[in-house]
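Heads up: numbering here begins at 1 and tracks the sequence. Start at 1 and go down the list; that is how both ligands and their atoms are numbered. Every value quoted in this text rests on a predicted model; they were computed, and no experiment measured them.
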Amino acid sequence: LRMVSAAPVGNEPVSDEELRPHALDGFIGQPLLKAQLQLFLDAARKRDVPPDHILLAGPPGLGKTTLAMIVANELGVPIRVTSGPAIQHAGDLASILSSLDSGEVLFIDEIHRLPRAAEELLYIAMEDFRVDVMVGKGPGATSIPLTLPRFTVIGATTREGMLPSPLRARFGFTAHLDFYPHEELEKLIERSAGVLGVRLENGSAYEMAVRSRGTPRIANRLLRRVRDWAIVHDLDAVNPDDVKDALSLYQIDAEGLDRLDIAVLNAVVRQFNGGPVGLNTLSAMVGEESETVETVCEPYLVREGFLVRTPKGRVATEKAWSHLGLVPKEDVSK
Ligand code: ADP
């Protein structure tokens, strides 16, 4: 059971929805980003035009989809949702684009996964509000330019670096979402507890926050497991010890690290004696794609000081050794 994973879990299809804030006010944390976005939206409203295209970059579960929906809500316009992998041919995208209403928001999740031809079609559409529709087949085929109403693309990506620069250049505003500090996750958990009707005593939200890997989606998931615990044990209110008991049942790591994080640390520390080890070797050791290790796992481990990236590869810190209950190897270079 992979509790501390930022990916949505199949058996909780509506859960992300019920806890999604609908206005910028309800979006917890990320104060700078919120202020920037607020200004950006206010300006568009004052000028009475759809805002420029927006790119949201950052690891999974940090609120990219939520922000896209908030933007559409704040503008009072409909939102169309699709994703890079869902668009297999440029034609799929052309038909979505040509059916957009004026001012509509088109949310494209995992935009770095769009096929090449779709990417090219998209940046022309974003720049000139036009698509070229192919009519006919073979040598007789002609392309007919179709003018589109103005709309706003909101792209989300876990890998900004994989976006080709012509596409990246079409976004008027790029927001980088970062892992949330504990205090912000605490607030988020309190808000979600209110929505779910769970009564938390002082300090309970904090115990969940520190185990949430800096990630709102995980915080909400831990809260649901704590709610299960409270229901089964007939608790009126949940205290910090209840939280610890509930979460230790699910083997949640005290620092919020998930299975993959631990596998990576174990590989660096035990197989490579602390490193340095290259990304590809490391990914092969833990049986994950290097993209996942690099974009989902490493940013958090680096930020929390478990891992450092050096030109020679990844190196485990003292904190990593002691988290695994080991004593760091002697530094032979000294
Ligand atoms: P992403 O698209 O980046 O993978 P989501 O927007 O789907 O992440 O967020 C995952 C869950 O976390 C949703 O239930 C969402 O409501 C919640 N969430 C994310 N960020 C925030 C936030 N800043 N404030 C409140 N809830 C949030």
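Note: L62 CG to L56 CG = 11.0 Å, rounded to the nearest 0.5 Å. Distance CD/E304 to CD/E255: 7.0 Å, rounded to 0.5 Å.
Per-residue contacts place L19 under 4.0 angstrom from the following atoms of ligand 1 (heavy atoms of the residue considered): 16 (O). Within ligand 1, the atoms closer than 4.0 Å to a non-hydrogen atom of P60 are 4 (O), numbered from 1 in the order shown.
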What's the verdict on side chain to side chain contact (heavy atoms under 4.5 Å, CB included) for L75 and V71, showing C-alpha distance, side-chain angles and the deciding distance?
CA-CA 6 Å; L75 294 169; V71 166; 3.8 Å; yes
R303/E298 under side chain to side chain contact (heavy atoms under 4.5 Å, CB included): CA gap, chis, key distance, verdict:
CA-CA 8 Å; R303 199 189 91 141; E298 281 189 351; over 6 Å; no
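Contacts of L188 with ligand 1, taken as heavy-atom pairs under 4.0 Å, involve the side chain alone. Within the 4.0 Å heavy-atom criterion, the part of N220 lying near ligand 1 is the side chain and not the backbone.
In the candidate list G63, G61, G29, G61 is nearest to atom 4 (O) of ligand 1, counting heavy atoms.
Residue R20 has at least one nitrogen or oxygen atom sitting less than 3.5 Å from a nitrogen or oxygen atom of ligand 1, judged on distance alone. Residue-to-ligand polar distances place I28 within reach of ligand 1: an N/O pair is separated by less than 3.5 Å.
Aromatic rings from F129 and F151 are positioned such that their centres are separated by under 6.0 Å.
Contact analysis leaves A156 out of contact with ligand 1, as no non-hydrogen atom separation drops below 4.0 angstrom.
V226 and L188 are not part of a single hydrophobic cluster, where members link through side-chain heavy atoms under 4.5 Å apart.
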